[in-house]
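Worksheet: one structure, shown below.
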Amino acid sequence: MTLPAAVSASRNEVRTVAPKLIELTETVVYPDIWERPGLSKRDRSLIQEIGELITHLAFYAGWPSAMSAAKVVKQVVEEEKA
């Protein structure tokens, strides 16, 4: 995948300070999380499904926040069923 020059330059600038962040961006966030088949690229851009949203945002908001969000969603879903 060829990145636009501005994206590549930005990543290279950050890479010198936080190399693991860029490694995870390039090996997990984009190829694994962003490309998951659970949502089309259009829907992923809109992020309409809460489970996928939580998984996707875990990399941005942090794992503890994602785990907390998942528990809240589970509680809401269970309340709606009752």
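Residue numbers run from 1 in the order of the sequence given. As a basis for the values below, the full set of heavy atoms in this structure was taken, side chains included, without hydrogen atoms, waters or symmetry mates.
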So which heavy atom on [X] is nearest to which on [Y], and how close?
| X | Y | result |
| --- | --- | --- |
| His56 | Trp34 | CE1-CE3, 2.9 Å |
| Thr25 | Pro31 | O-CD, 4.0 Å |
| Glu13 | Thr16 | O-OG1, 2.9 Å |
| Glu52 | Gly38 | OE2-CA, 4.3 Å |

How many angstroms lie between [atom1] in [X] and [atom2] in [Y], if you round to the nearest 0.5 Å?
| X | Y | atom1 | atom2 | result |
| --- | --- | --- | --- | --- |
| Lys20 | Ile22 | NZ | CD1 | 12.0 Å |
| Thr55 | Arg36 | OG1 | CZ | 5.0 Å |
| Tyr30 | Leu24 | OH | CG | 12.5 Å |
| Glu23 | Arg11 | CD | CZ | 12.5 Å |
| Ile54 | Lys74 | CD1 | NZ | 12.5 Å |

Is there a path of hydrophobic side-chain contacts, each under 4.5 Å between heavy atoms, that joins [X] and [Y]?
| X | Y | answer |
| --- | --- | --- |
| Met67 | Val29 | yes |
| Trp63 | Ile50 | yes |
| Val14 | Val28 | no |

Within the structure provided, determine whether Leu53 and Gln48 are in side-chain contact (heavy-atom separation under 4.5 Å).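 Side-chain contact under 4.5 Å: no.
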Between Val72 and Ser68, is any pair of side-chain heavy atoms under 4.5 Å apart?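 With C-beta onward as the side chain, the pair stays apart.
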